[in-house]
Number of protein chains: 2
Amino acid sequence: MSPEMDSRTKHIEESGIFFENVGLPRMAGRIFGFLMVSDKQDVSFEELTRALKASKSSISNNVRILINIGFIKAISHSGERKTYYCLSPEVDWVDYLKKRIQNFEHFRKLLENGYELRPDKNDDTSEWLKYGIDFYIWISERLDDLLEEWRQKVEKTKQNSQGKR
Amino acid sequence: MSPEMDSRTKHIEESGIFFENVGLPRMAGRIFGFLMVSDKQDVSFEELTRALKASKSSISNNVRILINIGFIKAISHSGERKTYYCLSPEVDWVDYLKKRIQNFEHFRKLLENGYELRPDKNDDTSEWLKYGIDFYIWISERLDDLLEEWRQKVEKTKQNSQGKR
DNA sequence: TTTTTGGTTCTGCAAGCACAGAACCAAAAA
DNA sequence: TTTTTGGTTCTGTGCTTGCAGAACCAAAAA
């Protein structure tokens with residue numbers, strides 16, 4: 001990183017690294033980061049290739065990834081052929097988290113399966129497994145409650161702001 | 001998979017695939033799965049290489065990974081040079097989850113940084129960022145509460161079982 | 001019709017990674 | 001001391017993946 005790199009560029013690269021850390025392409029993170037700090041509301045495909053100095057193929061593929069995740073959205077303007085992209089206003093954090101929480105479920109099933117297969121269910125290892133299973137059952141329930149709570153909170157806020165109008 | 005593969009082998013391989021899906025080596029998952037369903041309380045290094053048909057280097061590296069994560073533990077028996085491994089009885093699910101939750105914090109910081117860098121903080125994108133930031137602040141707090149709740153639950157159970165003795 | 005534009009899909013390459021096997025090393029045994 | 005044991009670290013290989021550039025394609029423009 002050159003020292004005179006501006007804070008936006010730095011932000012974009014950091015976003016890329018973060019995405020990489022969670023198993024997504026760096027370029028997808030760069031696009032996401034760029035959309036965050038762009039002074040425009042929506043950015044064209046062509047601007048992305050130019051701003052991020054990336055090939056069309058890379059932008060094309062990574063834009064699709066971001067759309068699938070639900071982080072960004074394609075929009076078009078009448079009388080124009082170009083496609084523009086912006087952070088998806090409809091992104092559902094709850095749904096997004098729910099998908100990530102499914103890993104817990106999967107892991108719990110793995111523990112349960114292991115427990116079932118143990119020859120002696122009264123030893124330390126079995127106890128350990130039981131404890132882990134209990135924890136995951138408990139935390140999954142609680143997380144569901146939490147997400148429902150948030151959903152209602154949002155619902156209420158929406159009604160409020162509608163009432164104000 | 002041959003049809004006559006027994007359920008333990010199947011479990012071990014499934015564990016391997018699961019680990020792979022969350023970004024860890026398949027072999028680490030196999031070891032974890034094997035320790036789950038082994039009829040022994042602890043398993044030697046050599047038995048792992050034999051049972052999983054893997055090289056010493058692979059076992060060595062992946063055992064270290066599992067120890068670092070905190071999933072398994074090395075133990076030794078007096079009068080013996082061999083090292084044995086078992087599912088770590090001290091594994092702290094709470095700590096484990098906390099580490100995974102740190103990703104949320106990191107992501108929130110990314111959103112906050114993006115928000116700070118926006119030229120116009122009154123447009124839709126900024127609103128979107130603010131909403132996301134709020135959500136992550138809220139969920140982080142709630143998760144901390146949850147983990148604390150679980151910790152206390154465990155504490156209580158421990159006291160109970162001690163009282164019974 | 002032919003040409004241009006906007007974007008997708010195909011091809012090839014470079015980097016990263018999990019694994020095996022070999023070389024290695026320290027501690028115990030002989 | 002030398003030999004054996006138990007395990008780690010080094011080296012090479014095949015597989016995967018992100019990317020660029022080229023080929024491609026459909027729709028609009030000319």
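Here the structure is a predicted model, which means the values were calculated and not measured. The analysis underlying the following values was restricted to heavy atoms, covering all of them including side chains, and did not include hydrogens, waters or symmetry mates. In what follows, chains carry the letters A, B, and so on, assigned in the order in which the sequence lines appear, proteins first and then strands, with residues in each chain numbered from 1.
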Query raised in the report: Atom CG of Asn21(B) to atom C1' of dA18(C): distance rounded to whole Å?
Result: 15 Å
Report task. Would you kindly compare Leu24(A) and Val63(B) by the position of their nearest DNA chain D nucleotide and give the one closer to the 5′ end? Result -> Val63(B)
Report task. Measure the distance from CG on Asn68(A) to P on dT8(C) and round it to the nearest whole Å. Result -> 12 Å
Requested in this report: Consider the side chain of Pro25(A), meaning its heavy atoms from C-beta on, and name the nucleotide among dC19(C), dA20(C), dC19(D) that approaches it most closely.
Outcome: dC19(D)
Query - Atom-pair distance (CD on Glu20(A); C1' on dA15(C)), nearest Å - result: 11 Å
Requested in this report: Using atom CD of Glu47(A) as one end and atom C1' of dG6(C) as the other, report the distance to the nearest whole Å.
Outcome: 15 Å
Report task. Kindly assign one of parallel, tilted or perpendicular to the pair Trp150(B) and Trp138(A), based on the angle between their ring planes and the thresholds 30° and 60°. Result -> tilted
Query - Watson-Crick/G-U partner (both atom distances under 3.5 Å) of dA28(D) - result: dT3(C)
Requested in this report: Describe, in one word, how the ring planes of Tyr85(A) and Phe45(A) are oriented to each other, choosing from parallel (under 30°), tilted (30 to 60°) and perpendicular (over 60°).
Outcome: tilted
Query raised in the report: So, does Ser126(A) use its side chain to make a donor-acceptor pair with the main chain of Asp120(A) at under 3.5 Å?
Result: yes
Report summary line: Taking a pair to mean Watson-Crick or G-U wobble geometry with both distances below 3.5 Å, dG16(C) pairs with dC15(D)
Requested in this report: Whole angstrom is fine here: how far is it from CD in Glu46(B) over to P in dT8(D)?
Outcome: 14 Å
Requested in this report: Round to the nearest Å and state the distance from Asn62(A) atom CG to dT9(C) atom P.
Outcome: 13 Å
Query raised in the report: What nucleic acid atoms does Ser58(A) come within less than 4.0 Å of, heavy atoms only: base, sugar-phosphate, or nothing?
Result: sugar-phosphate
Query raised in the report: Which nucleotide, dT5(D), dA20(C), dC19(D), lies nearest any side-chain atom of Arg81(B)?
Result: dT5(D)
Requested in this report: Give a yes or no on whether the backbone of Glu46(A) and the side-chain of Thr49(A) come within a donor-acceptor separation of less than 3.5 Å.
Outcome: yes
**Report entry** Integer-rounded Å distance: dA27(C) C1' and Lys82(B) NZ
**Finding:** 16 Å
Requested in this report: Name the closest nucleotide to the Ser57(B) side chain, picking from dC19(C), dC10(D), dT9(C).
Outcome: dC10(D)
Report task. Would you please classify the geometry between the Phe32(B) ring and the Phe19(B) ring as parallel, tilted or perpendicular, with 30° and 60° separating the classes? Result -> tilted
Query raised in the report: If you look at every strand shown and take non-hydrogen atoms under 4.0 Å, does Thr83(A) touch a base, only sugar-phosphate, or nothing?
Result: sugar-phosphate
Query raised in the report: Contact class for Lys56(B) (heavy atom, under 4.0 Å): base, sugar-phosphate, or nothing?
Result: base
Report summary line: As its Watson-Crick or G-U partner within any shown strand, both distances under 3.5 Å, dT8(D) has dA23(C)
Query raised in the report: To the nearest angstrom, how far is Phe45(B) atom CZ from dG6(D) atom P?
Result: 11 Å
